[in-house]
Amino acid sequence: MSTWRGLHVNLRKAHGLFTVSSRHTWKYGHLTLCKSLSTGRALRNDFFKDLEAQLAAARQKALDALPGSGWSPVEMNRGLPPERTDVVIVGGGVIGWSVAYWIKQKEKRRGGVNVVVVEKDPTYSQASTVLSAGGIRQQFSLPENICLSLASAEFMKNINEHLHVLNEDPVDLQFNQSGYLFLANEEVAHIMEENYKTQRTAGAKVSLLSATQLKEKFPWINTEGVALASYGLENEGWFDPWTLLQAFKRKALSMGVVQCLGEVTDFKYTSNIARNAQGDQVAQRRVRSVKVQVSNSLEFQPIECALVVNAAGAFSGTVAAMLGIPLPVEPRKRYIYVVNCPDGPGLDTPFLIDYSGVWFRREGLGGNYIAGTSPEEALEPDTSNLEVDHQFFEEKVWPHLASRVPALEKLKVTSSWAGFYDYNTFDQNGIIGLHPLINNMFFATGFSGHGLQHSPAVGRAVAELIMEGDFTSLNLSNLGFRRILQQEPMLERNIV
Amino acid sequence: MSAPFMSLYRCCQRSALLVVSRRSLSSSSVSPPPLHTRILLYLTQRFYDVEMLQSWMSLRRWKGVQKRNSFYGYAQQQYGSDIAAAYYILNMKGGFRFVGQSDWFSADRRGKFNWAFMDHKNTPLEEVNMNYTGINYRGLENLEGQKTLRTLSLRGCPEVDDWFLARLHMFQDSLEELDISHCPRITTGGLAALRNLKGLKRLDVSSLPEISSPGVVIILLEEMLPKCDVTANGYDHNLREES
Ligand SMILES: Cc1cc2nc3c(=O)[nH]c(=O)nc-3n(C[C@H](O)[C@H](O)[C@H](O)COP(=O)(O)OP(=O)(O)OC[C@H]3O[C@@H](n4cnc5c(N)ncnc54)[C@H](O)[C@@H]3O)c2cc1C
C-alpha cells in the first residue's frame, strides 16, 4: 500500500495527475468481508437456510457439469471494459502492448497500476504491425533512432528473460541475422559516410564497402552506379512481427493488463484557459474519461482514467482530433510484393536498400523474396482501403530490382499485400511523450516505417515517463511533441 | 460446526476474488482490514509464490550466466587483452593455444588451471576450445582483440545462439575452422550470419536440433561459403550422403 501511495504522490508531483482511485470497489469488498467473519451467532440461526441454498447450488453445479451446458469454470468476461482504471492505452498494436508490458514491469507492487488496452480489431487486419516487413537496423542518421534500435536489439537478444510466461513455450522471434545493405550513388555517398560515423559513435557495428568490395562480397549485385555501400554486421536483420506482438500481449495479460475490444470514439475532458509567454490564451486540456464503443454491440462504455496513451498507429491522428489537437500523423499506403525466383540470391541475402528507394529481402529458403518501395510524395495512393496496385510493381519496383540484381529478372509475383505507415508528415520520426496542452495524454506514434523495431525501447521510454516522471535509460526528449509546436524538424535521412 | 467453516470458505472465495480483481490495496484512505482478513489475504497470495519462485530462479540462472560472461576489464587493463582473453577462457573451463606454441592450456573438470599462461604476455591466441562451456554473446567481447584466431570450437554450448554467431564477424579476417555442432539454440536465421567469415575453410554444423529443414539449409550454406568444407552429420535426411 505504501508503495502505491509513494507512486501516487510521485506521479502527482510529476504531472499533477492520478485523481482516480479504485476506492469504490474496495469498500464494497471490505464491508462484505467483515460481515461474513464477524457475525458468528446470526450465522448459526441461518444455518439451515444456508444449507438449503448450498444444496441447491450444488445441484445446479452438477447439472452444469453435464455435457451440453454452457457453463465454464472460468468466469465469462462479458466484454465490457472496467468503468475506471489508471491508464488507458488506445491501440493494441506492438507499441500499445509494449507500453502496457513496461508499465506493469515497472510497477512497484503487483497490481499497483491498472492498465487497459483498447483495441478495435482483434484480428489486426489493418494494423501496421502485422503487415510490416519486420526489419530491424541500426543504419539511421539520428543518434536517437540508432540508440532506440540498439536498445531494442538488446531486448530481443534476451527476449525470453523479458517476455517468457511461466509454463508456456519460450518466444522464438525467428530472427534472421542477415544485416541491412544500403547502396549509395555518387550524389549521396558523402551523406552515407556521415551517417556511418554517427552510427559507429553510437556503437553500431556497421562497415563501409567500396563498389569492388561489394562485388566481391555479393557477386550477384550489379554495382553499376554504386559509389559506396554500408553494411550492418550485427543486430540487423528481420523477424516475425506477429510473434513479437503476441509475446508482448501474452506477457502483459499474464501480468494483469486488461484487454478491451472496442473502438475509442470520444474523450471527455476539462479545459483550463492559461496564458503562454506571449500572453496569448491557450486551452489546457485534461482527459477525464475515454468513450469506448464495444465491438459487435451498440453499447458505449466510458472508462474513467488518469492517463491516456495514444498508440493508435496510423490512426493516431484521428484519435488526437477527437480532442481537437492537430497531430501530423496520417496513414500512407505501402505495398509489399512477394516474388518467387529459384535462381535468386541465397542464404547470404541481406535486406537490400537501393538508392532508388527500392528494397528487397529474402523470405524463407525456397527462393521467395519480398520487395517494395515508397511512392513519390505527389503520387501517394488513396488510403481508404488496402488494395494493391500491381501496375506499381511493374513500373516502379521491378525495373530497379532487375537492374540491381540481374538474377531477379525472371521473377514471378506470387502474392502481395498493403499496409499503412504511421507516417509523420512533419519529419518522419516518432513522437514520444506528453502533449504540452493535454497534460495527461502521452503519444507514442508517427514512426513512419520503423515503429516495429523500436517498439521495445519506445515502450520502455513511455513507461519511464509515466512511472518515473522522466526518461531514465535513453534520453528521447528530442523526439517529444515540442519540436512540432516549435517547428523544428528532426529529419531522418534513412527513411525507406 | 459446518457453519463457521462455510463462512470461512465463502470468505476465502471472496478474498480470492478480491486478489484476482487486484484492486484490494489500491485505496489509500481505508483503515487496515482486521487481522484475520489480512491473514486470509496473505494465504491466498501465497499461491502466486510458487510462480514467483520459479521465475525468480530462472532470472537468477540467467544473471549467473551473464555474470560469468562479463567483460574482464580489470584484467585487460592490467595485463593486456591477450591475457584477459586467456583468463576468461580458463575461467569458463575452456582451453586455448597461443600463437607459435604447441602445448595447450586448459582448465580441468573442476575448473583448476595452470597459471603459467601469465608468462606469455602479449601473445595472441590461435586456437580456442570452448566445448560444452557456458559462453554466450556477451563473453565473446573478451576475445574481441584476437586478430589471429584460427580455430574456434563451440561444440555443445547451451548458451550459443544466433546472436552469438552474428557477433563472430570480429574474427572475419582470420577464422578458418569453426565447430558449432550440437548447440541447442542455433537456428537457420543465425547460420546466415556466417557469411561474414569469408576465410572459413572448415565448418561443423552437425546435430543442430533447431534447424528445421537441414537438407536445404546445408546446401544453401555450402553455396554461401564456397571455399568451406561443411560437415553436417546427425540429420535424418542427410542429402549430402544421398547425392
Ligand atoms: C508495409 C510496411 C512495412 C513496414 N516495415 C517495417 C520494418 O521493416 N521495420 C519496422 O520497424 N517497421 C516497419 N513498418 C512500420 C511498423 O509496422 C509500424 O511503425 C508499427 O507497427 C507501428 O505500431 P503501432 O502499434 O503504433 O501501430 P499498429 O500496429 O497499426 O497498431 C495500432 C492499433 O490501434 C488500433 N486502433 C486505431 N484506432 C483505434 C481506436 N480509435 N480505438 C481502438 N483501437 C484503435 C488499430 O486497430 C491497430 O490495431 C512497416 C509498415 C508497413 C505498413
Side-chain angles (χ1 to χ4, degrees), chain A residues 1 4-5 8 21-23 25-27 29-30 32-34 36-40 43-44 46-47 50-51 54 86 109-114 153 156-158 160-161 164 166-167 172-179 205 207 216-217 233-237 239 256 346-350 362 365-366, chain B residues 2-4 6-8 10-11 14-15 17-19 21-30 32-34 36-37 40 45 48 51-52 54-55 58-59 62 66 137 161-163 165-167 169-170 172 187-196 198 210 213 216-217 219-221 223-225:
Chain A
M1 189 143 88
W4 163 258
R5 206 179 282 156
H8 195 96
S21 80
S22 356
R23 187 179 308 164
T25 358
W26 162 247
K27 237 181 199 158
H30 179 209
T32 39
L33 250 176
C34 283
S36 64
L37 273 179
S38 54
T39 51
L43 270 170
R44 194 177 296 248
D46 281 340
F47 174 61
D50 249 11
L51 187 68
Q54 296 275 331
D86 298 327
R109 231 200 76 245
R110 197 194 305 127
V113 186
N114 296 320
M156 288 178 199
K157 267 178 206 168
N158 300 314
N160 276 308
E161 265 45 71
H164 179 49
L166 215 65
N167 301 329
D172 175 14
L173 277 185
Q174 295 164 34
F175 201 103
N176 268 281
Q177 307 275 353
S178 294
K205 300 278 190 286
S207 62
E216 204 177 301
K217 211 167 178 108
L233 295 168
E234 214 177 289
N235 297 338
E236 294 198 339
F239 57 93
L347 199 59
D348 59 342
T349 319
R362 181 166 61 74
L365 301 170
Chain B
S2 63
M6 209 93 85
S7 77
L8 188 73
R10 263 183 286 138
C11 186
R14 276 198 199 119
S15 59
L17 271 180
L18 259 173
V19 175
S21 71
R22 298 185 180 208
R23 286 171 168 184
S24 51
L25 291 178
S26 55
S27 154
S28 47
S29 57
V30 182
H36 47 260
T37 324
L40 277 177
Q45 275 171 339
Y48 284 114
E51 199 179 303
M52 287 296 284
Q54 278 188 46
S55 8
S58 80
L59 192 71
W62 177 67
Q66 293 292 75
Y137 68 89
D161 54 8
D162 296 345
W163 298 90
L165 296 189
R167 199 165 256 201
H169 70 82
M170 57 175 68
Q172 57 182 338
T187 71
T188 314
L191 292 180
L194 297 179
R195 71 194 179 281
N196 289 321
K198 42 187 185 282
E210 287 292 309
S213 42
V216 185
V217 171
I219 290 176
L220 286 173
L221 206 56
E223 227 173 74
M224 182 172 87
L225 301 165

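Lettering follows sequence order; numbering is per chain, from 1.
No donor-acceptor pair closer than 3.5 Å links the side chain of B:R195 to the backbone N or O of A:P350.
Put simply, NZ on A:K205 and NE2 on B:H169 are 6.0 Å apart, with the number rounded to the nearest 0.5 Å. Note that the CG atom of A:N176 and the CG atom of B:L191 stand 10.0 Å from one another [nearest 0.5 Å]. Here B:W163 contributes atom CH2 and A:M156 contributes atom CE; the two are 6.5 Å apart, rounded to the nearest 0.5 Å.
Top candidate by heavy-atom pairs under 4.5 Å with chain B, chosen from A:D172, A:T349, A:L233, A:N160, is A:L233. No other option in A:G346, A:G237, A:A153, A:S178 has as many heavy-atom pairs under 4.5 Å with chain B as A:S178.
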Evaluate side chain to side chain contact (heavy atoms under 4.5 Å, CB included) for B:E223 paired with A:D348, printing each intermediate quantity in order. CA-CA 9 Å; B:E223 227 173 74; A:D348 59 342; over 6 Å; no

Derivation of the side chain to side chain contact (heavy atoms under 4.5 Å, CB included) call for B:W62 and A:N158: CA-CA 9 Å; B:W62 177 67; A:N158 300 314; 3.5 Å; yes

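Here the rule is side chain to side chain contact (heavy atoms under 4.5 Å, CB included) with A:L347, and of B:V216, B:L194, B:L220, B:I219 only B:L220 fits it.
What you find for B:G190 and A:Q177 is that their closest heavy atoms are CA-CG, 4.0 Å.
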